[in-house]
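From a predicted model like this one, the values you see are computed outputs, not experimental measurements.
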Amino acid sequence: MRNLMMAITAAGTLSAAAVSPASAAPTYPYCIQSQQFGTDCSYPTYNACQATASGRGVSCIVNPQIAFDPRPYAEPRSRGRRTQQY
């Protein structure tokens, strides 16, 4: 009975983690913007955005969520100091 309860608890924890905000889609730095379709921010590079926008009458812009964020986009988050051991 104890193993059954642990299995149910583990399954509930895993399903809750699957819908947590941490697993949300990443925020990309470039967007395609048009009056007809709105804004699509799913481009990791400016060249990818330009290639998709080519011939469609839309423009590439910097993602407003990143442009006004006080942290730089490419700043790696440190998990602590690593030391090299010889």
Side-chain angles (χ1 to χ4, degrees):
M1 185 60 129
R2 182 176 179 193
N3 289 340
L4 177 63
M5 290 302 291
M6 288 178 66
I8 291 172
T9 303
T13 302
L14 290 175
S15 66
V19 294
S20 70
S23 66
T27 303
Y28 290 107
Y30 297 101
C31 305
I32 285 183
Q33 184 176 32
S34 71
Q35 291 180 350
Q36 184 177 10
F37 300 111
T39 304
D40 172 23
C41 297
S42 60
Y43 301 95
T45 64
Y46 187 72
N47 288 336
C49 183
Q50 286 290 334
T52 306
S54 178
R56 295 177 50 198
V58 297
S59 58
C60 290
I61 62 169
V62 174
N63 187 339
Q65 291 179 348
I66 294 175
F68 300 109
D69 190 356
R71 298 173 308 205
Y73 175 72
E75 178 182 311
R77 293 193 177 168
S78 176
R79 293 187 180 175
R81 185 181 175 116
R82 291 187 179 188
T83 58
Q84 221 174 15
Q85 295 180 5
Y86 296 97

_Closest contact, heavy atoms only, Val58 versus Gln33_ = CB-O, 3.7 Å
*Just how far is it from atom CD1 of Ile32 to atom SG of Cys60, taken to the nearest 0.5 Å?*
5.0 Å
*Under 2.5 Å between the SG atoms of Cys31 and Cys41: is that the case?*
yes
*Of all heavy-atom pairs between Tyr43 and Tyr28, which one has the smallest distance, and what is that distance?*
O-CB, 3.4 Å
*Pair Ser42-Asp40, side-chain donor/acceptor within less than 3.5 Å*: yes
*Of the options Ile66, Asn63, Val62, which is the one that meets Tyr30 in a side chain to side chain contact (heavy atoms under 4.5 Å, CB included)?*
Val62
_Atom CD of Gln65: over 12 foreign heavy atoms under 6.0 Å_ = no
